[in-house]
Amino acid sequence: MLKKDQTYISELKHHVGKEVTVKGWLYNSRSSGKIHFLQVRDGTGIVQAVGVKNELPEPIFELAGKLTQESSIIVKGIVREDKRASSGFELTLTDVKLLQLVADYPISHQSTHGPAFLMDNRHLWLRSKKQHATLRVRAEIVKAIRDYFDSNGYVLMDAPILTPAACEGTTNLFEVGYFDEKAYLSQSGQLYGEVGAMAFGKVYVFGPTFRAEKSKTRKHLTEFWMVEPEIAYADLDDVMNVAEEFITFIVHRVLENRKEELKTLERNTAPLEKINAPFPRISYDEAVELIKKAGLPFEYGNDFGAPDEEAISKNFDKPVMVHRYPLAIKAFYMKQDPEHLDKALCVDVLAPEGIGEIIGGGQRADDLEYLEKKIAEHGLPRKAFEWYLDLRKYGTVPHGGFGLGVERAVSWICGSEHVRETIPFARMLNRLYP
RNA sequence: UCCCUGGUAGCUCAAUUGGUAGAGCGACUGGCUGUUAACCAGUAGGUUCCAGGUUCGAGCCCUGGCCGGGGAGCCA
């Protein structure tokens, strides 16, 4: 427990009429000569402390007047309801203690800053309102993810980050030295999740994921977080049922608990209010029709590009689930559709509002011979996958799951311009600092 | 890897045809008893990304390099 000589700004409403101590930093200040307005933040919120010259001891009034942005301060004041305050409450300042007077804080509220400058100062940028709100929404989403799976019988199973080989082979991996051999940073925990499903029935893997692709877009990070449920005895329909229920749960939770933050972010919540299961389900073939109807050039059999995804999702005001892509463009572990042999039992969930894919998943190949053949076809080293093949040798069952990209989900729900704002410290093609 | 675009004050940007490098914001000083991106007045602040070249003269033109930003492909 913390000592009680501190009141958090979020709790001020319970202390009206009383003197409280707020420990924090100066967010901004204004003055009219004989009256100072100090906007103090403490991480839970921002409150304005008002100091009047002839109501305060001279040294305290003077100190209040010379405080600079982000100076660390402890202020005392009497909580007052005030319609003029945006939060509804203000402090009548009674005392200020200065811990450090800051000179030349780089980020100002009044001037504009470019993304490169702000990302260089990410460690300070996080103190500003919108970044603060975005990361609180992220924290809420992460909690919702855990709550959903924890309360629905899934066991959390962490997958290793250092792995012996590619999970999917095709994408670029970060290579690291591992004593006398090479290891790779995980690009997906899914294969290990399948191990978990065979051991526990329902599991979810939740952790960081790494892709060494040289992507430079608003949707890409080289290090991002992914949650990957995996379910034994599940078919493609089960996977889609879980995906839509799961997304609905997350969106509702944020709408319930993070109203203030969404308001700070100026997020129009109307589109989010519409998110309710069931979601529309269309096949790859039907999606191709939508692309052609939109007049885009598209060669049947290819994967969808960003403009294609937008053309598809524009037809719906909920996330749309596109299933049964051509087998040829999907990963080796996808199960072949027995009714359409050229298709895979897979699903991508495309978020509305132009966000694109937030979930990819499906039913897994469960036949040993088929999987052996696929590993060979994809040119993957069989030796690295022996343990994975064992799952098909010793009690194979139909099973499936999906992966949700946390940052893309946060980006969608917050209405962020770029995923780099949805993670505290983004790692990108040209960004390894701070 | 490819396409587009940029690098000038702490930040965001301007600078006509190649002719003395400017504004807003921030900082600093002073003023103001209700400010909400406060306002008003003043002050300081420059290796124009780097190297070379053309020119009487280069922020501007040429060559090479470095570093960003946006997008594509691939993916979540």
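Residue numbering restarts at 1 for every chain, and letters A, B, ... go by the order of the sequence lines. Because the structure is a prediction, the values reported are computed rather than measured.
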Using the [atom1] atom as the point on both nucleotides, what is the distance between [M] and [N], in whole Å?
N	M	atom1	answer
rC2(B)	rG73(B)	C1'	9 Å
rC66(B)	rU20(B)	P	33 Å
rU17(B)	rG30(B)	P	45 Å
rG65(B)	rA23(B)	C1'	32 Å
rC74(B)	rG68(B)	P	25 Å
rC49(B)	rG42(B)	C1'	33 Å
rC28(B)	rG64(B)	C1'	43 Å
rA14(B)	rG53(B)	P	30 Å

>> For a quick check of understanding: with a heavy-atom distance under 4.0 Å over all strands, which category does D303(A) fall into, base, sugar-phosphate or nothing?
In response: sugar-phosphate
> NA contact type, E90(A), heavy-atom cut-off 4.0 Å: base, sugar-phosphate, or nothing?
Replying inline: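 Base contact - E90(A) has a heavy atom under 4.0 Å of at least one base atom.
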> According to the ring-ring contact (aromatic ring centres under 6.0 Å, His included) rule, which pairs have a member within residues 305-331 of chain A, sequence neighbours left out?
Replying inline: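 Every ring-ring contact (aromatic ring centres under 6.0 Å, His included) pair that includes a residue of residues 305-331 of chain A, provided the two are not neighbours, is Y284(A)-Y325(A), F304(A)-Y325(A).
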Any salt bridge between [X] and [Y], counting N to O under 4.0 Å?
X	Y	result
D285(A)	K343(A)	yes
E407(A)	R138(A)	yes
K23(A)	D42(A)	no
K219(A)	E357(A)	no
R253(A)	E140(A)	yes
K129(A)	E261(A)	no
R364(A)	E230(A)	yes

>> Between Y204(A) and D150(A), is there a side-chain donor-acceptor contact under 3.5 Å, judged purely by atom types and distance?
In response: yes
Distance-only, no hydrogens or angles: does the [X] side chain make a donor-acceptor pair with backbone N or O of [Y] under 3.5 Å?
X	Y	value
R267(A)	W412(A)	yes
D235(A)	D238(A)	yes
H132(A)	S128(A)	no

> Going by the salt bridge (charged side-chain N to carboxylate O under 4.0 Å, His left out) test, which pairs reach into residues 43-60 of chain A, not counting sequence neighbours?
Replying inline: K53(A)-E58(A)
> The side chain of S32(A) lies closest to which of these nucleotides: rG69(B), rG34(B), rA76(B)?
Replying inline: rG34(B)
> Between I35(A) and L221(A), which has a closest nucleotide on RNA chain B that is more 5'?
Replying inline: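 It is I35(A) whose nearest nucleotide is closer to the 5' end.
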> Taking for each residue the nucleotide of RNA chain B with the nearest heavy atom, is it F37(A) or A116(A) whose nucleotide lies nearer the 5' end?
Replying inline: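 With F37(A) and A116(A) compared, the 5'-side residue is F37(A).
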> Planes under 30° and centres closer than 5.5 Å, is that true for F224(A) with the base of rA76(B)?
Replying inline: yes
Could you tell me how far apart [X] ([atom1]) and [N] ([atom2]) are, to the nearest whole angstrom?
X	N	atom1	atom2	value
I358(A)	rA76(B)	CD1	P	12 Å
D82(A)	rG34(B)	CG	C1'	9 Å
H36(A)	rC39(B)	NE2	C1'	16 Å
I413(A)	rA76(B)	CD1	C1'	14 Å
L173(A)	rC75(B)	CG	P	14 Å
Q190(A)	rC75(B)	CD	P	14 Å
I247(A)	rA76(B)	CD1	P	14 Å
F117(A)	rU12(B)	CZ	P	7 Å

Distances for protein N/O vs nucleotides 22-31 of chain B N/O pairs under 3.5 angstrom?
| from | atom 1 | to | atom 2 | distance (Å) |
| --- | --- | --- | --- | --- |
| rC25(B) | O2' | S111(A) | N | 2.8 |

> Hey, where does RNA chain B pair up into stems, meaning at least three consecutive Watson-Crick or G-U pairs with distances under 3.5 Å?
Replying inline: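 Stems for RNA chain B, defined as runs of 3 or more consecutive pairs: B:1-7 with B:66-72, B:10-13 with B:22-25, B:27-31 with B:39-43, B:49-53 with B:61-65.
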>> Can you tell me whether the side chain of R408(A) and the base of rC75(B) have a donor-acceptor pair closer than 3.5 Å?
In response: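 Yes, the side chain and the base share a sub-3.5 Å donor-acceptor pair.
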>> Angle between ring planes, Y154(A) versus Y148(A), binned at 30° and 60°: parallel, tilted or perpendicular?
In response: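 Taking Y148(A) first and then Y154(A), their aromatic rings sit tilted (interplane angle of 30° to 60°).
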Using a cutoff of under 3.5 Å, can you pull out all pairs of nitrogen or oxygen atoms linking the protein to nucleotides 44-48 of chain B, with atom names and distances?
none

>> Can you confirm if the aromatic rings of F149(A) and F246(A) lie within a centre distance of less than 6.0 Å?
In response: yes
>> Set out, in order, the CA-CA distance, both residues' side-chain angles and the distance that settles side-chain hydrogen bond (donor to acceptor under 3.5 Å, both in side chains) for T92(A) and R80(A), then state yes or no.
In response: CA-CA 7 Å; T92(A) 301; R80(A) 185 162 40 74; 2.8 Å; yes
Below 3.5 Å between N/O atoms, which protein atoms pair up with nucleotides 70-73 of chain B? Just atom names and distances, please.
| from | atom 1 | to | atom 2 | distance (Å) |
| --- | --- | --- | --- | --- |
| rG70(B) | OP1 | R420(A) | NH1 | 2.8 |
| rG70(B) | OP1 | R420(A) | NH2 | 3.0 |
| rG70(B) | O3' | R218(A) | NH2 | 3.4 |
| rG71(B) | OP1 | R218(A) | NE | 2.0 |
| rG71(B) | OP1 | R218(A) | NH2 | 2.2 |
| rG71(B) | OP2 | R218(A) | N | 3.1 |
| rG71(B) | N7 | K216(A) | O | 2.9 |
| rA72(B) | N6 | K214(A) | O | 3.3 |
| rG73(B) | O6 | S215(A) | OG | 3.0 |

